[in-house]
> 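Dumping the structure here so I can ask a few things about it.
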Protein chains: 2
Amino acid sequence: MDVRTICLGILSRGDHTGYEIKKHFEIDGFFVEPSFGSIYPALNKLTEDGLVLVRAEAQLKRPDRKIYSITPAGRRVFLDALMQPLAEDRYRSPFLFAMLFADLLPAPRVDGLFEEFVAQAQRRLAQLPEKSDVETEGERFVLDFGRTMYITMLDYLRQQRAKFADVVPNAAE
Amino acid sequence: MDVRTICLGILSRGDHTGYEIKKHFEIDGFFVEPSFGSIYPALNKLTEDGLVLVRAEAQLKRPDRKIYSITPAGRRVFLDALMQPLAEDRYRSPFLFAMLFADLLPAPRVDGLFEEFVAQAQRRLAQLPEKSDVETEGERFVLDFGRTMYITMLDYLRQQRAKFADVVPNAAE
DNA sequence: CCCACCTATGTCAGTCCGATATAGATCGGG
DNA sequence: CCCGATCTATATCGGACTGACATAGGTGGG
């Protein structure tokens, strides 16, 4: 699912600027979150290819807002992309990798890793949109998926942290 | 957690070829899985920097096996990397992205997406190493983390699929 | 009033993925 | 017994993506 397709998806729900597309996925960032460095070039390419249109909105003493809207051709291409075989999900976790080597680390470091990871999961859980903000059944499914996974993760961490405290005295203060 | 650090980590547990490093992470691939295209250059760079040593082992009518081993300097660099602030976890899911647009898709496609995703999760769950294969407390933690997450995921999918079948008749045949 | 943060665009170096190339060994099924 | 599939094992390369940086003024809280 490349950044061009992601942009088409957002734009199929309404007009937006590149900046707004980025912001949108900071919320849904638990499963996609392209950077500016890929969004802006993607939007340029889509414009070239006639899949989106731009209109510049002048702003006083600021760069123009460039508002993108999807074209009928863009909708066709997007729908077609959703019908193609999807790439597999990828979960990349520096935390879990580091935990493989917990035995090499000082106890306070292991404790710190736990703490940061719990904080990260809590923050992301809190950032998920409200149920009242979702409109389609698909969005509800995705939202609940995220909520379920984060809650499970936090439960597991709390429970395991106690165990680690036994094995590595002082690891949990 | 870049590929160089990942290679150092594996080599800190024992000598391996690039090929073996890749294979190792097909098992733990639920949280890291670098490709050949990044492993081989990483090993070359590590060799240049004196963090690993290579010895070539001739093989009859096959390319030499290049067996890498970590140096004391490599261990120091690895340990230091584990003490630095870690990047955040990233979960990239083409499936969840596509599900945001389930309302635009034909019911059989949504059904197919579910099926493939369930199959993927089952396959990965089955691929996790046996408990008897793990040696450290950290490895056990990571393994159980993976198991817990996949089982939760599969439960959620089974339960939601029934709901989707109500909302989108025929979606689950 | 200042500092931090927000809106908003964009570039660039470095990193990584996925496909491709090469080449023989091994193994099960028809 | 042979054919295709899969495995070992190396490596390169184009294209995609990230994260940091640059620019520049507005807004709001302490």
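Convention: sequence-line order gives letters A, B, ...; per-chain numbering from 1.
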> Are B:Tyr68 and B:Asp15 linked by a side-chain donor-acceptor pair shorter than 3.5 Å?
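No, no side-chain donor-acceptor pair sits under 3.5 Å.
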
> Establish, with yes or no, whether the OP1 or OP2 oxygen of D:dT18 is under 4.0 angstrom from a side-chain nitrogen or oxygen of A:Ser35.
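Result: yes.
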
> Can a side chain N or O of A:Ser38 be found less than 4.0 Å away from OP1 or OP2 on D:dT18?
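So the side-chain polar atoms of A:Ser38 do come within 4.0 Å of the phosphate oxygens OP1 or OP2 of D:dT18, strictly under.
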
> Heavy atoms only, 4.0 Å cut-off, all strands: where does A:Glu33 land among base, sugar-phosphate and nothing?
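Sugar-phosphate, no base atom in range.
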
> Roughly, in whole Å, what's the span from NZ in B:Lys22 to C1' in C:dA19?
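Spelled out: NZ on B:Lys22 to C1' on C:dA19 is 12 Å.
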
> Any side-chain N or O of B:Tyr40 below 4.0 angstrom from OP1/OP2 of D:dT10?
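It does, given that an N or O in the side chain of B:Tyr40 lies less than 4.0 Å from OP1 or OP2 of D:dT10.
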
> Report the nucleotide, chosen from D:dT10, D:dT18, C:dT9, that has the shortest atom-to-atom distance to any side-chain atom of A:Pro34.
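Of D:dT10, D:dT18, C:dT9, D:dT18 is nearest to the side chain of A:Pro34.
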
> Measure from the side chain of A:Tyr68, starting at C-beta and using heavy atoms only, and say which of C:dG10, D:dA9, D:dC17 lies closest.
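The answer is C:dG10.
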
> Rounded to the nearest Å, what distance is computed from the CZ atom of residue A:Arg90 to the C1' atom of nucleotide D:dA16?
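These atoms are roughly 12 Å apart.
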
> Rounded off to whole Å, could you give me the NE2-to-P distance for the B:His24 and D:dA9 pair?
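The answer, rounded to whole Å, is 16 Å.
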
> Evaluate side chain to side chain contact (heavy atoms under 4.5 Å, CB included) for B:Tyr91 paired with B:Leu96, printing each intermediate quantity in order.
CA-CA 10 Å; B:Tyr91 176 49; B:Leu96 291 179; 3.9 Å; yes

> Take A:Arg55 and A:Arg65 through the test side chain to side chain contact (heavy atoms under 4.5 Å, CB included) and record every step on the way to the result.
CA-CA 8 Å; A:Arg55 58 178 191 282; A:Arg65 277 160 59 88; over 6 Å; no

> May I have the distance from A:Arg4 (atom CZ) to D:dG15 (atom C1'), rounded to whole angstrom?
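From A:Arg4 CZ to D:dG15 C1': 10 Å.
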
> If you compare all heavy atoms of B:Val110 against all heavy atoms of B:Ala102, which two are closest, and at what distance to 0.1 Å?
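In this case the closest contact between B:Val110 and B:Ala102 is CG2-O, 3.9 Å.
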
> Tell me the interatomic distance from B:Lys23, atom NZ, to D:dT10, atom C1', rounded to whole angstroms.
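After rounding, the gap between these two atoms is 13 Å.
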
> Between A:Asp2 and A:Thr5, do the side chains contain a donor N or O and an acceptor N or O under 3.5 Å apart?
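A:Thr5 vs A:Asp2: donor-acceptor pair found between side chains.
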
> B:Thr17 side chain N/O closer than 4.0 Å to the phosphate oxygens (OP1, OP2) of D:dT10?
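Affirmative; the distance criterion is met.
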
> Let me know the distance between CG of A:Asp15 and P of C:dA8, rounded to the nearest Å.
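Checked: the CG to P distance equals 14 Å.
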
> Could you give the CD1-to-C1' distance, from A:Ile6 to D:dC17, as a whole number of Å?
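Atom CD1 in A:Ile6 sits about 11 Å away from atom C1' in D:dC17.
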
> Look at the aromatic rings of B:Phe141 and B:Phe145 and report parallel, tilted or perpendicular, splitting at 30° and 60°.
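The arrangement is tilted - the two ring planes meet at 30° to 60°.
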
> As a test of reading the structure: which of C:dC17, D:dC17, C:dT9 is closest to the side chain of B:Val3, going by heavy atoms?
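Output: C:dC17.
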
> Which residue lies toward the 5' end of DNA chain D, B:Ala87 or B:Gly18, if each is placed at its nearest nucleotide?
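Checking each residue's closest nucleotide, the 5'-ward one belongs to B:Gly18.
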
> Starting the side chain at C-beta, find the nucleotide from C:dC16, D:dT10, C:dC6 nearest to A:Tyr19.
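Nearest to the side-chain atoms of A:Tyr19, counting from C-beta on, is C:dC6.
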
> Give the rounded distance in Å between these two atoms: CD1 of B:Ile21 and P of C:dC17.
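From B:Ile21 CD1 to C:dC17 P: 14 Å.
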
> So which one's nearest nucleotide on DNA chain D is more toward 5', B:Gly37 or A:Gly37?
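Mapping each residue to its closest nucleotide by heavy atoms, the 5'-most match is B:Gly37.
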
> Heavy atoms only, 4.0 Å cut-off, all strands: where does A:Pro41 land among base, sugar-phosphate and nothing?
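The residue A:Pro41 makes no contact with any strand.
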
> Is B:Arg92 touching bases, backbone alone, or none of the nucleic acid, heavy atoms closer than 4.0 Å?
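The answer is nothing, as B:Arg92 stays clear of every strand by at least 4.0 Å.
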
> From D:dA9, D:dG19, C:dT9, pick the nucleotide closest to the side chain of B:Glu20?
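Nearest to the side-chain atoms of B:Glu20, counting from C-beta on, is D:dA9.
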
> Taking the side chain of A:Lys66 as heavy atoms from C-beta outward, which of C:dA8, C:dG18, C:dG10 is closest to it?
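Output: C:dG10.
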
